[in-house]
Protein chains: 2
Amino acid sequence: MTDRPGRRGDGSRPRTVTNADVAAVAGVSTMTVSRVVNGTGRVSEATRERVRRAIEELDYQPNQLARSLTQGRTRTIGIVVPDITNPFFPEIVRGAEDAAWAAGYTVALANAVEDQARERAALRNLAGHRVDGVIVCSARLPDRELTDLLSAHPASVLINRQVPGGPAVSLMVDDLLGAHLAVGHLLERGRKRLALLGGPDRSASARYRREGFLAAMREAGVSVSDALLTHCEPVEDAGYEAASRWAAQARAGGPGFDGIVAYNDLAALGAVRALREAGLRVPEDVAVVGCDDIRMASAVAPSLTTLRIEKYGLGRLAVETIFALQRGRKPTDKTFAPELIVRESAP
Amino acid sequence: MTDRPGRRGDGSRPRTVTNADVAAVAGVSTMTVSRVVNGTGRVSEATRERVRRAIEELDYQPNQLARSLTQGRTRTIGIVVPDITNPFFPEIVRGAEDAAWAAGYTVALANAVEDQARERAALRNLAGHRVDGVIVCSARLPDRELTDLLSAHPASVLINRQVPGGPAVSLMVDDLLGAHLAVGHLLERGRKRLALLGGPDRSASARYRREGFLAAMREAGVSVSDALLTHCEPVEDAGYEAASRWAAQARAGGPGFDGIVAYNDLAALGAVRALREAGLRVPEDVAVVGCDDIRMASAVAPSLTTLRIEKYGLGRLAVETIFALQRGRKPTDKTFAPELIVRESAP
DNA sequence: TTGTAGGCGTTATCAG
DNA sequence: CTGATAACGCCTACAA
């Protein structure tokens with residue numbers, strides 16, 4: 001085979017094959033190449049075949065950048081998560097990616113690392129890349145800023161966050177209901193001294209769940225000890241530390257507890273570990289309820305009673321909502337009911 | 001304020017603000033805007049300020065597509081993983097993203113969903129987007145195809161896979177050593193009848209670990225029962241099923257076992273659950289060794305003895321290797337030694 | 001210090 | 001059915 005455009009003898013970056021290279025080899029214009037690649041317009045079977053061969057021979061890859069530039073759309077959807085190492089989010093991403101893939105779209109993932117500055121930068125960056133829409137999971141930015149950032153995007157969906165008057169469609173989990181389910185279950189089983197292992201205050205769902213917890217307790221006429229209300233980061237270690245403190249506190253004559261409602265399954269798992277180390281049995285001495293139903297929840301011992309959230313489905317729906325938005329529809333916000341899954345940690 | 005380009009009265013997609021809009025408002029040429037945005041060339045303080053105000057007023061976001069098109073680089077690195085819901089990979093992604101972020105780069109994630117067709121499509125797609133480099137984790141495609149696909153990229157790094165003569169730099173984990181460590185530990189503690197819960201055959205590391213397992217057993221002069229060698233998908237359920245079969249087999253008079261070496265921690269956790277349900281105690285009756293040291297490994301009961309792999313560091317190094325490649329260096333392949341972390345499941 | 005011309009790779013539009 | 005031509009938004013190179 002002889003030299004072709006794109007061939008390089010030095011160690012330099014390969015000149016990428018273009019439209020024009022293919023056109024030259026096939027003996028047609030670039031427009032014809034474009035038509036063949038995109039299946040638009042009418043091209044005779046003969047030339048179509050010539051072009052096809054040229055494409056194959058040169059291993060031509062259309063430049064999506066140029067294509068997006070002229071078409072004004074990227075067929076890419078951005079998705080921002082607070083922390084991809086939190087097992088809650090990969091499931092959402094997976095759902096979104098499957099739906100996007102089916103429609104010929106690509107997903108660009110940005111990890112905000114639980115950091116507002118990076119969340120902001122991610123949103124700006126995605127706007128710079130002209131993604132056709134963004135999905136933001138558990139956004140940590142304040143309403144005002146989020147609204148500004150989102151309005152730079154042609155379509156946006158928020159998961160687990162609502163911004164009144166903002167441009168985004170919200171897909172919510174009913175956290176108040178979730179908290180009621182958890183508290184109700186524990187009280188029903190005779191637990192009375194409940195502790196709340198709440199999430200970080202910057203998380204909207206953490207605030208709702210706390211509110212729901214307090215409301216449910218109030219409605220049941222059960223008092224809550226301030227010493228048994230805490231915030232923690234949504235990670236295993238933080239749950240461990242908080243529960244360790246409670247156990248030590250109880251040993252030192254502080255308020256005892258026989259049930260924990262945790263912000264998420266990671267925190268719940270940490271709490272279980274702490275309790276075990278403190279010599280408390282789960283669920284005999286303390287029952288624990290998590291949230292999210294991550295895969296691990298059913299795999300560990302004791303398996304975790306938790307609130308199931310349809311993570312994969314949320315991801316899919318978020319992408320479908322972006323598509324609806326593109327078609328000019330304005331889907332309404334939706335709220336999903338979590339489902340209490342009773343397992344060993346709080347039977 | 002009067003009508004500006006970009007203003008829309010209908011409900012149509014907003015015309016995005018361009019270079020030229022800013023130039024018009026600031027009363028300069030587009031070049032001056034470009035210079036201010038990029039901090040290149042000299043611009044008088046006065047005009048710089050005017051341009052800045054115009055940018056702010058219009059909320060101008062440079063179009064990265066156009067920029068990439070002229071500059072010939074995207075400042076984006078692609079990363080392909082077999083399954084983002086496997087907790088091994090988010091840590092790598094996180095490491096890669098942190099390193100990329102620090103250098104002003106963006107990461108584009110593609111999930112191959114353990115599917116060769118999608119891995120192929122992802123690689124092609126990233127090439128179409130002209131990413132400056134790709135990182136492929138645990139590639140499942142055959143050597144030949146992988147080589148072709150990777151050579152379409154200006155720089156590429158493979159994690160956990162080596163392709164002789166291919167264009168990519170490989171970052172390897174010493175799976176043979178890992179298998180030896182696991183087997184050695186179990187034998188040392190008096191376990192003799194070891195089972196191998198191997199990974200899928202399309203995974204290179206699964207093949208190495210299997211090989212290492214067999215070699216270590218041979219070297220120790222311990223025989224291996226074929227009935228105690230199996231493959232499974234790298235997920236919890238598959239580990240559960242395989243171990244259940246072994247337990248049933250043993251009860252029915254088949255070969256007994258007192259140790260399991262698992263392909264990864266997920267499979268190991270599944271095995272532990274199966275053993276427990278079959279009435280076998282871990283570690284008293286059967287010791288279990290996992291691999292990866294995912295976060296859960298230390299959080300569950302019994303905590304998992306496993307081989308630690310520096311996931312985050314691998315991700316970081318992969319990105320740094322891409323950068324080195326860009327600078328024209330040719331870094332050599334590197335191999336990392338896994339570290340045996342002894343915990344409760346195989347003390 | 002600032003501006004003009006040209007091109008990056010592709011597609012829309014309009015002629016032939 | 002096919003091809004010229006003009007964008008898309010930005011930047012490199014060269015002038016002024």
Side-chain angles (χ1 to χ4, degrees), chain A residues 5-6 13-52 54-55 58-75 127-132 152 154, chain B residues 5-6 13-52 54-55 58-75 127-132 152 154:
Chain A
R13 188 167 178 146
R15 196 176 85 62
T16 58
V17 179
T18 76
N19 217 347
D21 299 326
V22 176
V25 169
V28 297
S29 76
T30 60
M31 265 317 297
T32 304
V33 175
S34 171
R35 282 193 266 256
V36 171
V37 167
N38 297 294
T40 61
R42 337 214 142 275
V43 182
S44 78
E45 195 44 57
T47 53
R48 179 185 307 279
E49 196 43 39
R50 280 216 314 284
V51 172
R52 282 226 181 91
I55 287 175
L58 300 178
D59 192 23
Y60 168 62
Q61 281 285 341
N63 185 326
Q64 300 296 340
L65 300 170
R67 185 202 288 257
S68 296
L69 193 58
T70 50
Q71 296 192 147
R73 61 170 181 174
T74 51
R75 291 187 164 281
H129 282 286
R130 299 294 188 269
V131 294
D132 294 338
Chain B
R13 188 167 178 147
R15 197 177 83 62
T16 57
V17 179
T18 77
N19 219 348
D21 298 327
V22 176
V25 169
V28 297
S29 76
T30 61
M31 265 317 298
T32 304
V33 175
S34 171
R35 282 193 267 257
V36 171
V37 168
N38 297 296
T40 61
R42 333 211 145 277
V43 182
S44 78
E45 196 42 58
T47 53
R48 180 185 306 277
E49 196 43 40
R50 279 216 314 285
V51 172
R52 283 225 181 92
I55 287 176
L58 300 178
D59 192 23
Y60 169 60
Q61 280 284 344
N63 185 325
Q64 300 296 338
L65 301 168
R67 182 200 288 254
S68 296
L69 193 57
T70 53
Q71 296 190 146
R73 61 172 180 170
T74 51
R75 291 187 164 281
H129 283 285
R130 299 295 189 267
V131 294
D132 294 337

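On a predicted model such as this, the values are computed, not experimentally measured, just so you know. The chains referred to below are lettered A, B, ... by the order of the sequence lines, with proteins before strands, and numbering in each begins at 1.
- Residue B:Val28 has its side chain nearest to C:dG3 when only C:dG3, C:dG9, D:dT2 are considered.
- Nearest to the side-chain atoms of A:Gln71 among the listed nucleotides D:dT12, C:dT11, C:dC8 stands C:dT11.
- Sequence order on DNA chain D of the closest nucleotides to A:Thr32 and B:Val37 puts A:Thr32 first from the 5' end.
- Taking the side chain of A:Asn38 as heavy atoms from C-beta on, and the options C:dT11, C:dT10, D:dG3, the nearest nucleotide is C:dT11.
- Evaluation of the salt bridge (Lys or Arg N to Asp or Glu O under 4.0 Å) rule for B:Arg48 yields B:Glu45 as partners, not counting sequence neighbours.
- Nucleotide C:dA12 holds its C1' atom 13 Å from the CZ atom of A:Arg73, rounded to whole Å.
- Atom-to-atom, CD of A:Gln61 to C1' of C:dC8 comes out at 18 Å; the value is rounded to the nearest Å.
- For the pair B:Leu69 CG and C:dG6 P, the computed distance is 18 Å after rounding to whole Å.
- The closest side-chain heavy-atom distance from B:Thr47 to B:Arg50 is below 4.5 Å.
- If you measure from atom CE of B:Met31 to atom C1' of C:dG6, you get 13 Å, rounded to the nearest angstrom.
- As a whole-Å value, the separation of B:Leu65 CG from D:dC11 C1' is 15 Å.
- Closest contact between the side chain of A:Arg67 and the listed nucleotides D:dG9, C:dT4, C:dT10 involves C:dT10.
- Look at CD on B:Gln64: it is 9 Å from P on D:dC11, rounded to the nearest Å.
- A donor-acceptor contact under 3.5 Å is formed by the side chain of B:Arg35 with the base of C:dG3.
- Under 3.5 Å, the side chains of B:Thr74 and B:Asp132 contain a donor-acceptor pair of N or O atoms.
- Within the 4.5 Å cutoff, the side chain of B:Asn63 has no heavy atoms near those of the B:Thr16 side chain.
- Residue B:Asn63 is in sugar-phosphate contact alone, with no base atom involved, counting any heavy-atom pair closer than 4.0 Å across all strands shown.
- When side chains are defined from C-beta on, A:Val33 counts as touching A:Val37, because their heavy atoms get closer than 4.5 Å.
- Using a distance-only test at 3.5 Å, with no hydrogens or angles considered, a donor-acceptor pair links the side chain of A:Ser68 to the main chain of A:Gln64.
- Proximity of residues 40-51 of chain A to DNA chain D (heavy atom under 4.0 angstrom from any strand atom) is restricted to A:Arg42, A:Val43, A:Ser44, A:Thr47.
- In this model, the phosphate group of C:dT10 is not approached by any side-chain N or O of A:Thr30 to a distance below 4.0 Å at OP1 or OP2.
- Applying the 4.0 Å criterion to OP1 and OP2 of D:dG3, one finds that A:Ser29 has a side-chain N or O inside that range.
- For A:Thr70, counting side-chain heavy atoms from C-beta on, the closest listed nucleotide (C:dT10, D:dC10, D:dT2) is C:dT10.
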